[in-house]
A.B. asks: 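Can you read through this structure? Questions will come right after.
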There are 4 protein chains.
Amino acid sequence: MSVVTDVEQSIRNLRREVAVLHAELPRYGLVVWTAGNVSARVPGHELLVIKPSGVSYDDLTPENMVVCDLEGRVVEGDHAPSSDTEAQAYVYRHLPEVGGVVHTHSPYAVAWAARGEPIPCVTTMCADEFGGEIPVGPFAIIGDDSIGRGIVETLRGSRSPAVLMQNHGVFTVGPTAKSAVKAAVMCEDVARSVHLSRQLGQPIPIEQSSVDALYDRYQNVYGQR
Amino acid sequence: MSVVTDVEQSIRNLRREVAVLHAELPRYGLVVWTAGNVSARVPGHELLVIKPSGVSYDDLTPENMVVCDLEGRVVEGDHAPSSDTEAQAYVYRHLPEVGGVVHTHSPYAVAWAARGEPIPCVTTMCADEFGGEIPVGPFAIIGDDSIGRGIVETLRGSRSPAVLMQNHGVFTVGPTAKSAVKAAVMCEDVARSVHLSRQLGQPIPIEQSSVDALYDRYQNVYGQR
Amino acid sequence: MSVVTDVEQSIRNLRREVAVLHAELPRYGLVVWTAGNVSARVPGHELLVIKPSGVSYDDLTPENMVVCDLEGRVVEGDHAPSSDTEAQAYVYRHLPEVGGVVHTHSPYAVAWAARGEPIPCVTTMCADEFGGEIPVGPFAIIGDDSIGRGIVETLRGSRSPAVLMQNHGVFTVGPTAKSAVKAAVMCEDVARSVHLSRQLGQPIPIEQSSVDALYDRYQNVYGQR
Amino acid sequence: MSVVTDVEQSIRNLRREVAVLHAELPRYGLVVWTAGNVSARVPGHELLVIKPSGVSYDDLTPENMVVCDLEGRVVEGDHAPSSDTEAQAYVYRHLPEVGGVVHTHSPYAVAWAARGEPIPCVTTMCADEFGGEIPVGPFAIIGDDSIGRGIVETLRGSRSPAVLMQNHGVFTVGPTAKSAVKAAVMCEDVARSVHLSRQLGQPIPIEQSSVDALYDRYQNVYGQR
């Protein structure tokens, strides 16, 4: 089999995977209407697969996913790609370990983002998944590299796979698209629990050594091998 | 084909579209029981298609939608139209660019409306869709033109397709019924995020120039052409 | 046909109606597990139809509904009736215009009830459905007539079809079981909106004359004739 | 029939029951992704049946449940068991009356847990199910017996079948897995109602004699005999 055929097969699989993963976003209350998306890197190639812009989650199929290069230009597909494609392409270009990116405006996370306030690590779930606080990236608007740069710079200074972009929303990353979706789900859950806790007082901090122990175990022992 | 036949076809299509769009209201938590409705203008005619009054969303069909003239009088249909028909007819009479109107009592939006407080524009989603704060219209009760007038006067002074009527609920408009439904969904999402953010502090304002840039891009670039 | 046959038919219809109406309680988030119930009076007879105690909403059928007399004693059925049967029987004995009763522990309503605080009438929806504030009844525990008496005395002093029993939950009444379910749905919606509004300030009061006008119109004009 | 055959049948039944009960956790909003689990003791044997680690609720079947001994070692099954297995095994070893254990990170309960604050008994539902306040256990992390010990010591000092583990989440117990699931559902409902009530003031306390009367009746009279 030729290399071209392998890429084609890889893209075909990722079209299906990315289309299906979008269903998790409304299921967990992370998005309304069309305001959120999932993408995946095509491994070993300068390509990504992403949601078409402004298309309802009900109408997503493997066929209407869009394949772009890592500058965000359409390579394959009949639709315009998500307006977040350039930001996500920037992430893939600068973080080679990232295989999937998710963007949402999930409500509790946006509440923290609108205040420009990181979510403190006061639950074991947050220590498990994020290894510390969930950080805030800069205010940046679409039109140049500033969103992508803000995501990359913030994530590089943190163990967290999630960043709250100020006044905007959440971007999460992972080795696969599915792991980035998981991080987006966990980010909203943590944002909500800590929000609720803070409404009636101050959550008890968790010592750094416990955060480290929890993070280490969860990354290395949890789940099926 | 005669003009009459074209109108008939147009009404038939809108009956179906308006009936189906109502399913988005409970889906996004914008309504309970029968407390909300969608209408559409019949393009080129002094007619609108609207929900029957007090009928459950489960029981809506193209057939039980009601066709009214722009004074709110029933032209076609076996049911009494929504009690909001007069207000919506007023909107169609005075805002010729409007093709669809939605009314809800979505809970976070009502929370702002009951305080008579506009929703400040502190998220990029709000800038994208509403181009600034979501404004508040006057307190007005059913029985004369005061609700319709309040909606029209408030929307004329704003880029927002949504108005919070004081102590009452939300009215949204758009070039189509679907776009008005989208605005109602986004209005509640913004109302919720900003509510949550304000509960634990003050959201960071977004500069007017950034609001303008976001609004301009979203109105002109987002989605499929 | 004999009188007995008519009663039998009436009971058969109400078994079905009451069983089906229970689905509205979890649908609108008014109950968890088995904590809430619907009952209906058998018109013209000293009988009521009610949910069996502790049975999951998924498992309700016309056949497992329980028929009791208005002292709460089982007349027909293989199951123990809801533990709220005595309170509801008391309501039917003392309020002859009531044809249906609903009991829930819906969360926002319970939040008001636990503080013993009536819900102020600051939305048009509250004026429409409840004609004023939603009142609070006394603290009362199961074992004698005190819950039933508390409901009846509180409702007699109010236009509201809903009462918040202190530290407990909601009881609603109506001419039919369906109208009592509607009141329970609206009660939670109003409880939530006003709760949210109060979290960030003070809702604007609605003048009594407007409350009266809204209530009058909604009771007499809304819906299908 | 041999003793071995009886155990096999018992395990087969519990595999099905435990797999099916997991559906209640997402249904009632107690978990996201894979963050929660149910287990059951195999009656009369030093064995338990529990969820596999990190497997989606959609993918649970009787076959992929894991059977462990009461030290948490896998006895039967192709998957690694829940990472909470050791804590739950500790509970079964030390509380012989317990037949089922549930663990969740339900959001309102976690909000109380993160502040290390017990939930006061200010609703009749809390008195019914928990017989008083819902207590808080110590901060403890995975790796030794400290979570299991914290659960057991806290539950021994209380009538409550639920404990909030500080900064972590909820563990509930019951004579069966289903009763532990019920306690987890009720715990989140009470955590939410009391949270909401406290946001706008102070709930009215319930006298101890009334708490005792409610608890006694609910444990002995409610439901079907």
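Proteins get letters first, then strands, A, B, ... in listed order; numbering begins at 1 in each.
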A.B. asks: Between B:D58 and chain C, which part of the residue has a heavy atom less than 4.5 Å away: side chain, backbone, both or neither?
C.D. replies: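 The answer is the side chain of B:D58.
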A.B. asks: Give, for atom CH2 of B:W33 and atom CG of C:D189, the distance between the pair rounded to the nearest 0.5 Å.
C.D. replies: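 So the CH2 of B:W33 and the CG of C:D189 are separated by 12.5 Å.
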A.B. asks: Which distance, rounded to the nearest 0.5 Å, do you find between the CZ of C:R217 and the CD1 of B:I141?
C.D. replies: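 Reported to 0.5 Å precision, the distance equals 9.0 Å.
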A.B. asks: Which bit of C:E24 comes within less than 4.5 Å of chain B, counting heavy atoms only: side chain, backbone, both or neither?
C.D. replies: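 C:E24 touches chain B through side-chain heavy atoms alone.
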A.B. asks: Rounded to the nearest 0.5 Å, how far does CD1 of C:I204 lie from CD of B:Q166?
C.D. replies: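 These two atoms lie 3.5 Å from each other.
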A.B. asks: Could you check which of B:S53, B:G29, B:G169, B:A35 has the highest count of heavy-atom pairs closer than 4.5 Å to chain C?
C.D. replies: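 Winner by heavy-atom pair count: B:S53.
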A.B. asks: Using side-chain heavy atoms (C-beta onward) and a distance below 4.5 Å, is B:R115 in contact with C:L200?
C.D. replies: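 Yes - at least one pair of side-chain heavy atoms lies under 4.5 Å apart.
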A.B. asks: B:F139 and C:S210: side chain to side chain contact (heavy atoms under 4.5 Å, CB included), yes or no, with the steps?
C.D. replies: CA-CA 10 Å; B:F139 179 76; C:S210 295; 3.7 Å; yes
A.B. asks: What is the distance from atom CG of C:D128 to atom CD1 of B:I142, rounded to the nearest 0.5 Å?
C.D. replies: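 So the CG of C:D128 and the CD1 of B:I142 are separated by 7.0 Å.
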A.B. asks: Using 0.5 Å steps for rounding, measure from the CG atom of B:N167 to the CD1 atom of C:I206.
C.D. replies: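 That separation rounds to 4.0 Å.
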A.B. asks: Rounded at 0.5 Å granularity, tell me how far OG1 in C:T124 sits from CE in B:M165.
C.D. replies: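 The CE atom of B:M165 is 10.0 Å from OG1 of C:T124, to the nearest 0.5 Å.
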A.B. asks: With a strict 4.5 Å heavy-atom criterion, list every residue of residues 190-199 of chain B that contacts chain C, or say none.
C.D. replies: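 B:H195, B:R198, B:Q199, listed by number.
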A.B. asks: Within a radius of less than 6.0 Å around CD of B:E46, do more than 12 heavy atoms belonging to other residues, nucleotides or ligands occur?
C.D. replies: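 No, the 6.0 Å shell around CD holds no more than 12 heavy atoms from other groups.
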A.B. asks: Do other residues, nucleotides or ligands put more than 12 heavy atoms under 6.0 Å from C:E97 CD?
C.D. replies: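 Yes.
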A.B. asks: Given that the side chain runs from C-beta out, which part of B:P52 has a heavy atom under 4.5 Å from chain C: side chain, backbone, both or neither?
C.D. replies: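 For B:P52, the contact with chain C is made by backbone and side chain together.
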A.B. asks: Name the option with the most non-hydrogen atom pairs under 4.5 Å to chain C; the candidates are B:A114, B:G54, B:G116, B:S106.
C.D. replies: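 Between B:A114, B:G54, B:G116, B:S106, the count favours B:A114.
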A.B. asks: Are more than 12 heavy atoms, taken from residues, nucleotides or ligands other than B:E133, located less than 6.0 Å from that residue's CD atom?
C.D. replies: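 It does: B:E133 CD has more than 12 such atoms within range.
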